[in-house]
Amino acid sequence: MKKTLLPFLFLLVINVNAQEQIPTEKKELINSIESRENELIQLSDKIWSLAETAFEENQSAKLLADFAEKEGFDVERGVAGIPTAFVATYGSGSPVISVLGEFDALPGISQKAMPTKEPLKEGAAGHGCGHNLFGVGSLAAAIAIKDMIEKGEIKGTVKFFGTPSEEKYFGKIWMVDAGLWDDVDVNISWHPGAKTEADVQSSLALVDFKIEFFGQAAHASADPWNGRSASDALELYTTGVNYYREHVKPTVRMHYHIQDGGQVVNVVPDYSLLWMRVRDTKRDGLMPVYEHAKKMAEGAAIMANVDYKVSLISGIYETLVNREGGKIMQNNLELLGPIQYTDEEIEFGKKIQKATNKEMVGMDSEIKALEETKEHPGGGSTDVGDVSWNVPNINLSVTTAPKDTPWHSWAVVACGGMSIGHKGMLYAGKAMSMTMLDLFKNPEMVEKVKAEYKERKGDAVYESIIPDGPPPIPDSEK
Ligand SMILES: [Zn+2]
């Protein structure tokens, strides 16, 4: 009996010590979030099941906004001309610290909360980027800070930005354009992931544009000489793009999606439509490639003897990293320690890895050391980039899926609807609220974060890559 009890007691002591390192005020934040744990999980699960896509997140946005309102926030809905964008504010005066939450899903990857591929609803959307967790985790952080302002323990303003349509069109660019971050001192953001770290890597700048070709229809066999093919032009254009790849810098990425290449085989198509995307590490490198890729449409149109039109869809900046902010976040991750998983959760993770042909190593929640900031980070893009050019931004990544999980896939959807995702979401809320509290309590930290922002931005002037007119809200949502 004694032999087995001793190691148990030893473990208990270690755990108590780790907890005691967390200052009382930060424990209050943790308690705020834990006291609402069930409600927050329910909220996330509802958004997970709704799985609403870009600019159509009506119920998801309403759920988050209503929750904030019930907690005493002032909520302004339908900001920046977007019905599903909103700002929830609590408190007054400075500092103004904000956190942003996404909530849009991805089409076609519906999945049950189970470790083998099985759609919840065939062909429907799913939260393959974990944005159900993103929105609720950020709101949890804002609420914990609200509690402290309410109790008079800190002074200032906390804002939660409900930011729709990250996966398509990049909703934040219209919100930035409306000046919504103009009075904010520091913004915090996170993203669900397969590891936990204070994120000090940038993301890629990109521009999206569409190319339309207009020809003349004719019978494909009886009188093709009367036809001018819009799909010939499209094929010539993409062939040109694929030759062009050899003559751009290795940091450039180009992708296209044929959205309309004609309807039937026996008609010479009079219309075609291509969605084109160009990316590079920085916006400066991006724009010349974009200009050339636009010009190439004219060449394709001349060859196929058709008309053409190029229209900007939208575009985003690379993210301005903030290492000073990253250090504050890092300190809080170390205070919290890694997320602990049950045997069942580890088993769930391994089954996901088996189903996606990855090494069956389970979860990775180890707190990574603060990395060097890479000059060419690779990877994806995010409209958090545009926010980061207008207000200092601190980024976090938290484990919500097993190691090496393919992103934007059914596997991420599965984890986001069960306890692995929930744990990451609550953890992110805690880490972000602790970082926000540091900023509320220490004006010198805010100054350091701002100074780095100014230095990194330098003389560059932010110019959004935004089309004329209102945001592209689908007609069904207007
Ligand atoms: Zn995402």
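Side-chain atoms are counted along with the backbone in the values below, which use heavy atoms only and exclude waters and symmetry mates. All ligand and atom numbering here is 1-based and tracks the order in the structure.
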### Message
Could you check whether Asn332 and Thr435, counting side-chain N and O atoms only, form a donor-acceptor pair closer than 3.5 Å?
### Response
yes

### Query
Is the centre of the Phe160 ring less than 6.0 Å from the centre of the Phe73 ring?
no

### Message
Return the NZ to CD1 distance between Lys195 and Ile367, rounded to the nearest 0.5 Å.
### Response
12.5 Å

### Query
Roughly how far, to the nearest 0.5 Å, is CG of Asp45 from CG of Leu40?
11.0 Å

### Query
Checking Lys70 against Phe67: charged group under 6.0 Å from the ring centre and within 45 degrees of the axis?
yes

### Query
For Glu102, what residues pass the salt bridge (Lys or Arg N to Asp or Glu O under 4.0 Å) criterion, not counting sequence neighbours?
Lys172

### Query
Under 2.8 Å from the Zn ion (ligand 1), which protein N/O/S atoms are there?
Cys129 SG, His131 NE2, His191 NE2

